[in-house]
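Values below: every heavy atom of this structure, side chains too, minus hydrogens, waters and symmetry copies. These numbers were taken from a predicted model, which means no experiment stands behind them.
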Amino acid sequence: GIPEGQKAHSGNVSNLNSGSPRPRIGAKTSSSGRFDGEISNIRVTNGGRHVNMTGGVYFDGSSDSLEFTASSDFTMGTGDWTVELFYNADYDITGSTNYYLFDMGGNKIRVKFHNGVIYGSPINGENVTFTPSASLGETTGWHHLALVRNGSTFTLYFDGISKGTLTTSSNHTTNTLRIGGYDSSGYEWKGWVSNFRVVKGTAVYTGDSFTVPASALTAISNTKLLTC
């Protein structure tokens with residue numbers, strides 16, 4: 001099952017849902033202030049929506065997302081990096097609607113689902129794609145995804161297995177992150193996200209396969225964000 005016991009790390013301010021006032025996790029209501037600590041068992045209720053961080057964050061596909069204050073922590077440059085998470089889709093992933101799990105900088109580093117295909121990208125115009133198999137149980141339930149840059153090699157991992165690589169010389173210069181949607185708005189994710197981790201400067205996973213973590217992720221060296 002999905003690891004429980006979630007942790008928020010590095011203090012990047014996040015917004016939940018839209019409207020005014022907008023609740024914030026990890027800071028006071030202004031845009032200033034940073035949090036460095038642990039958050040658990042949080043439940044936020046707003047118009048019928050809820051978040052329970054004991055078992056991940058649920059996004060309802062309608063204006064739900066976590067938006068983070070712009071930070072150089074999210075500027076990956078040309079070095080090594082890893083972005084990973086567990087997810088559980090609450091819709092038929094074979095449908096034609098675009099659903100973004102996350103987006104770093106407006107269609108730069110991101111994962112999206114479209115027509116039953118998972119797209120993992122290190123930058124605009126570069127994609128590794130993978131089509132989950134219903135017969136193998138890959139279209140429902142909890143799964144682990146990781147995007148990894150190791151030198152000039154970018155890899156999309158699904159449940160610990162490399163689903164493809166590409167050679168990239170991209171320079172990721174943007175500094176924003178949205179979990180549960182595209183850039184500033186649109187294409188909202190419907191389902192759960194758990195153990196979302198950004199590691200800047202380290203290719204956490206290499207090679208063709210690895211053992212998927214069986215417990216909650218931790219703030220390893222170079223972790224810039226660990227949340228959901």
Side-chain angles (χ1 to χ4, degrees), residues 12 59 65-68 70-87 89 93-133 138-139 143-189 191 193 195-210 212 217 222-225 228:
N12 292 284
F59 300 89
S65 67
L66 291 172
E67 298 175 49
F68 293 80
S71 169
S72 60
D73 286 350
F74 304 137
T75 303
M76 299 294 106
T78 60
D80 295 349
W81 50 264
T82 304
V83 182
E84 65 180 302
L85 70 149
F86 291 85
Y87 77 89
I93 69 169
T94 64
S96 61
T97 302
N98 278 317
Y99 287 94
Y100 277 66
L101 263 176
F102 71 90
D103 191 9
M104 296 179 70
N107 228 9
K108 300 296 192 296
I109 297 172
R110 50 94 166 131
V111 168
K112 77 170 184 177
F113 289 67
H114 181 60
N115 286 332
V117 179
I118 299 174
Y119 294 76
S121 304
I123 204 74
N124 271 352
E126 298 181 357
N127 299 289
V128 172
T129 61
F130 163 63
T131 303
S133 168
E138 295 174 340
T139 59
H143 297 282
H144 180 264
L145 279 175
L147 304 186
V148 179
R149 178 167 178 174
N150 182 22
S152 61
T153 301
F154 169 78
T155 306
L156 167 65
Y157 291 98
F158 178 87
D159 286 347
I161 305 296
S162 170
K163 296 301 180 180
T165 64
L166 60 80
T167 300
T168 183
S169 59
S170 60
N171 182 11
H172 181 262
T173 60
T174 57
N175 61 1
T176 59
L177 168 63
R178 185 181 184 214
I179 303 174
Y182 165 75
D183 195 24
S184 60
S185 64
Y187 305 113
E188 280 82 8
W189 173 251
V193 174
N195 284 254
F196 187 100
R197 183 168 68 181
V198 177
V199 180
K200 179 181 177 180
T202 304
V204 177
Y205 309 112
T206 58
D208 294 332
S209 64
F210 60 88
V212 174
L217 300 183
N222 290 330
T223 297
K224 300 302 180 182
L225 178 70
C228 294

Visitor: On a heavy-atom basis, which atom in Gly120 and which in Phe154 lie closest, and how many Å separate them?
Guide: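 So the two residues come closest at O-CE2, 3.4 Å.
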Visitor: State, with a plain yes or no, whether a side-chain heavy atom of Thr129 is found less than 4.5 Å away from one of Ile118.
Guide: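 Side-chain contact under 4.5 Å: no.
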Visitor: Measuring from Cys228:SG to Phe86:CZ, what's the distance to the nearest 0.5 Å?
Guide: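 Cys228 atom SG to Phe86 atom CZ measures 12.5 Å (nearest 0.5 Å).
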Visitor: If we ignore angles and hydrogens, is there a donor and acceptor under 3.5 Å between the side chains of Thr174 and His172?
Guide: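 His172 and Thr174 do have a side-chain donor-acceptor pair below 3.5 Å.
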Visitor: Provide the closest heavy-atom pair for Thr165 versus Val128 in the form atom of the first, atom of the second, distance.
Guide: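 The answer is C-CG2, 3.9 Å.
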Visitor: With a 4.5 Å limit on heavy-atom distance, are the side chains of Phe59 and Val193 in contact?
Guide: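 Contact flag for Phe59/Val193 side chains = yes.
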Visitor: To the nearest 0.5 Å, what is the distance between CZ on Phe158 and OG on Ser133?
Guide: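 These two atoms lie 9.5 Å from each other.
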Visitor: Do you know which two heavy atoms are closest between Lys108 and Asp103, and how far apart they sit?
Guide: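 Distance-wise, the nearest heavy atoms are N-OD1, 3.5 Å.
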Visitor: Set out, in order, the CA-CA distance, both residues' side-chain angles and the distance that settles side-chain contact (heavy atoms from CB on, under 4.5 Å) for Val199 and Lys224, then state yes or no.
Guide: CA-CA 6 Å; Val199 180; Lys224 300 302 180 182; over 6 Å; no
Visitor: Only one of Tyr87, Phe196, Trp189, Tyr182 passes side-chain contact (heavy atoms from CB on, under 4.5 Å) with Phe102; say which it is.
Guide: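 The side-chain contact (heavy atoms from CB on, under 4.5 Å) with Phe102 is passed solely by Phe196 among Tyr87, Phe196, Trp189, Tyr182.
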Visitor: Hey, are the side chains of Thr176 and Phe74 touching, using non-hydrogen atoms and a 4.5 Å cut-off?
Guide: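 Counting from C-beta outward, Thr176 and Phe74 never come under 4.5 Å.
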Visitor: Side-chain contact test, heavy atoms from C-beta onward, threshold under 4.5 Å: evaluate it for Tyr100 versus Val111 and give yes or no.
Guide: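 In short, these two side chains do not touch, never coming nearer than 4.5 Å.
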Visitor: Report yes if some heavy atom in the side chain of Leu225 is under 4.5 Å from a heavy atom in the side chain of Phe68; otherwise report no.
Guide: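 Answer yes - side chains close enough.
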Visitor: Decide whether Asn222 and Thr202 meet the rule of one side-chain donor and one side-chain acceptor closer than 3.5 Å.
Guide: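 Distance-only check passes for Asn222 and Thr202.
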Visitor: Scan side-chain atoms only and decide if Arg110 and Asn127 contain a donor-acceptor pair under the 3.5 Å cut-off.
Guide: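 Their side chains do contain a donor-acceptor pair, which is all the 3.5 Å distance test asks for.
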Visitor: Could you grab the distance from atom OG1 of Thr75 to atom CG of Asn171, nearest 0.5 Å is fine?
Guide: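 That separation rounds to 9.5 Å.
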Visitor: Is there a side-chain contact between Arg197 and Val83, using heavy atoms and a 4.5 Å cut-off?
Guide: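 Sidechains of Val83 and Arg197: no contact.
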Visitor: Atom OH of Tyr119 and atom CG of Leu101: how far apart are they, to the nearest 0.5 Å?
Guide: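 With rounding to 0.5 Å, OH (Tyr119) is 14.5 Å from CG (Leu101).
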Visitor: Would you say His144 and Glu84 are linked by a side-chain donor-acceptor pair, where the criterion is simply a distance under 3.5 Å?
Guide: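 Result is yes, a qualifying pair exists.
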Visitor: With a sphere of 6.0 Å drawn around OH of Tyr205, does it hold more than 12 non-hydrogen atoms of other residues, nucleotides or ligands?
Guide: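 Yes, enclosed.
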Visitor: Indicate the atoms forming the closest heavy-atom contact of Tyr157 with Ser162, along with that distance.
Guide: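 Taking Tyr157 first and Ser162 second, the nearest heavy atoms are CD2-N, 3.5 Å.
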Visitor: State the CG-OG distance between Leu147 and Ser121, to the nearest 0.5 angstrom.
Guide: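 Leu147 CG to Ser121 OG: 8.0 Å, rounded to 0.5 Å.
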Visitor: Donor-acceptor check, side chain of Arg149 to backbone of Ser170, threshold 3.5 angstrom: yes or no?
Guide: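 The answer is yes, because a donor-acceptor pair under 3.5 Å joins these two groups.
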Visitor: Is there a donor in the side chain of Glu126 and an acceptor in the side chain of Thr168, or the other way round, less than 3.5 Å apart?
Guide: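 There is such a pair between these side chains.
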Visitor: Would you say the side-chain atoms of His114 pair up with the backbone N or O of Ser96, donor to acceptor, closer than 3.5 Å?
Guide: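 Present.
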Visitor: To the nearest 0.5 Å, tell me how far Glu138 CD sits from Thr131 OG1.
Guide: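 If we round to the nearest 0.5 Å, Glu138:CD and Thr131:OG1 are 10.0 Å apart.
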Visitor: Keeping Asn175 on the side-chain end and Ala70 on the backbone end, is there a donor-acceptor pair under 3.5 Å?
Guide: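 Side chain of Asn175 to backbone of Ala70, a donor-acceptor pair under 3.5 Å: no, none is there.
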Visitor: Under the ring pair (Phe, Tyr, Trp, His ring centres under 6.0 Å) rule, what do Phe113 and Tyr99 come out as? Steps first, then yes or no, please.
Guide: CA-CA 5 Å; Phe113 289 67; Tyr99 287 94; 8.2 Å; no
Visitor: Does Thr82 reach the main-chain N or O of Val204 with its side chain, forming a donor-acceptor pair under 3.5 Å?
Guide: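 Checked: pair present.
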Visitor: Side chains of Asn195 and Leu85, heavy atoms from C-beta outward: is any pair under 4.5 Å?
Guide: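 No, every pair of side-chain atoms sits at 4.5 Å or beyond.
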Visitor: Which residue pairs pass the salt bridge (charged side-chain N to carboxylate O under 4.0 Å, His left out) test when at least one of the two sits in residues 151-179, sequence neighbours left out?
Guide: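 Salt bridge (charged side-chain N to carboxylate O under 4.0 Å, His left out) check on residues 151-179 returns Arg178-Glu188.
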Visitor: Give me the atom names and distance for the closest heavy-atom approach of Gly105 to Asp183.
Guide: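 Heavy atoms only, the tightest pair is C-OD1, 4.2 Å.
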Visitor: Please give me the minimum heavy-atom distance between Val212 and Gly160, naming the atom from each residue.
Guide: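 Shortest heavy-atom separation between Val212 and Gly160 comes out as CG2-N, 3.4 Å.
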